[in-house]
Number of protein chains: 2
Amino acid sequence: MTVSKSAEKTAEKSSEKPADAAKGRKDAGEPQAEALQLGELSEQLGYVLKRAQLKVFENFLRCMASLQLTPAQFSVLLLVEKNPGRNQTEIASTLGILRPNFVAMLDNLESRDLCARIRSTNDRRSHILVLTDKGKAVLARAKKLVATKHEARLNDLLGQANREALIEMLSKIANEF
Amino acid sequence: MTVSKSAEKTAEKSSEKPADAAKGRKDAGEPQAEALQLGELSEQLGYVLKRAQLKVFENFLRCMASLQLTPAQFSVLLLVEKNPGRNQTEIASTLGILRPNFVAMLDNLESRDLCARIRSTNDRRSHILVLTDKGKAVLARAKKLVATKHEARLNDLLGQANREALIEMLSKIANEF
DNA sequence: CGATATTTGATATGGTCCATAACAATTATC
DNA sequence: GATAATTGTTATGGACCATATCAAATATCG
């Protein structure tokens, strides 16, 4: 398993598109040092899983270029919307984000006026998280982009039924492996 | 999408197991600030894909603890075995590893006597990669561990047919998305 | 009550992985 | 034979992840 990340912010960074080790040639009749054999690699769950994940994230970022939302940021907005009134620790740990690393993430979202920290009156240690009006609006647009440009593409590629089966299997792995 | 990495080398680093935001309690009858709702998050391809990938890598590392092989290292050994006589650039780019980052990886494998760099006589710039005898032996053991402890677990979880369907769908995403 | 322990958000820090620029040695191209 | 391209390499910076530690606030318990 390996494969680099590529395509971060908005643009496409060249990086190292796997599976074309030698240039982008169009089948010209030259020596052309034959392509490498992947062999058992293409059957390795981890390998193919990682590759697929990178492609999906890459596509997600492209779809979200206009809103400048990363997958992680999107997940935070989704979770805060669904669970208003929770504090940083709860939101972060549910997403598997360590609290120290969540601080900068929130600083970013808050500086863009997408969400806000509110000192809880019950427990003045904790910061209650809420979406701002702008945050709600942006999230709504984000959801549409994801649905029409991102998830829709999976349906085209796999078909509705297979798409659902895939998500279910991945969930099973994520939860029970 | 998010979820931290956890479990790196051999041991289990606590980290932040998602989906149990509040302690590990056994259903005691206390206030117990209800669990958060994942909502649409659980249907997001990227989210579930990333989570599954982390779990699979985590399990892979556990299975390989005795051999101290990471997924990336395993993929390199597999590819070199399948394609003897190739140079660093070819192996690296096929795996999506950038050449500069491949150097340290090879330094590691070579220092453990798992593979070797050989100056090519045709082109004295390039280093031909080959597995050492020890490398072949370790890879053989690694394959067995992967088959019996890693991939087998997927069969138990999904069933043979589903497992194959999953790999196929992921490959499709990795190649055509 | 008051001492101690725990929790929350935050900072600092180190590790790993990924990406780009630049370089010397070698080879290809013209 | 001068110039361009390729290979392995180093240096470097960024993104992400993980741990230790801290002050403030709260909980716990004698």
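First the proteins, then the strands, lettered A, B, ... as listed; each starts at 1. Predicted, not measured: the structure shown is a model, and the values here were computed from it.
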Are a donor atom and an acceptor atom from the side chains of A:Glu40 and A:Gln44 found within less than 3.5 Å of each other?
no
Taking the six-membered ring for Trp, are B:Phe74 and B:Phe60 ring centroids under 6.0 Å apart?
yes
B:Asn59: which residues meet the side chain to side chain donor-acceptor pair (under 3.5 Å) condition with it, sequence neighbours left out?
B:His150
Using side chain to side chain donor-acceptor pair (under 3.5 Å) as the criterion, list what pairs up with B:Glu43, not counting sequence neighbours.
none
Once salt bridge (Lys or Arg N to Asp or Glu O under 4.0 Å) is applied, what residue pairs with a partner in [range] remain, sequence neighbours excluded?
range                       : result
residues 165-177 of chain A : none
residues 107-118 of chain A : A:Asp107-A:Arg117, A:Glu110-A:Arg117
residues 71-85 of chain A   : A:Glu81-A:Lys143
residues 122-140 of chain A : A:Asp123-A:Arg125

Rounded interatomic separation in angstrom, taking [atom1] from [X] and [atom2] from [N]:
X        : N      : atom1 : atom2 : answer
A:Asn87  : D:dT26 : CG    : P     : 13 Å
B:Asn101 : D:dG14 : CG    : P     : 16 Å
A:Arg51  : C:dC18 : CZ    : P     : 13 Å
A:Ile97  : C:dG9  : CD1   : P     : 13 Å
B:Phe57  : C:dC17 : CZ    : P     : 10 Å
B:Gln88  : D:dT10 : CD    : C1'   : 13 Å
A:Leu106 : C:dT8  : CG    : P     : 15 Å
A:Phe102 : D:dT19 : CZ    : P     : 18 Å

Please enumerate all protein N or O atoms sitting under 3.5 Å from an N or O of nucleotides 28-30 of chain C, with distances to 0.1 Å.
none

For A:Pro100 and for A:Asn122, find the nucleotide of DNA chain D with the closest heavy atom, then tell me which residue's nucleotide is more 5'.
A:Pro100
Have a look at A:Asp107 and say if it touches a base, only the backbone sugar-phosphate, or nothing, with a 4.0 Å heavy-atom cut-off.
nothing
Side chain of B:Arg99 only, heavy atoms from C-beta on: which candidate in C:dC18, D:dT9, C:dG9 is closest?
D:dT9
Sorted by number, the residues of residues 109-118 of chain B with heavy-atom contact under 4.0 Å to DNA chain D
B:Arg117
Look at the side-chain N and O atoms of B:Thr89 and state whether any lies under 4.0 Å from the OP1 or OP2 oxygen of D:dG8.
yes
What residues join A:Ile128 in its hydrophobic cluster, counting side-chain heavy atom gaps under 4.5 Å, either direct or through other members?
A:Ile118, A:Val130
Assert: residue with more 5' nearest nucleotide on DNA chain C, out of A:Val103 and B:Thr121, is A:Val103
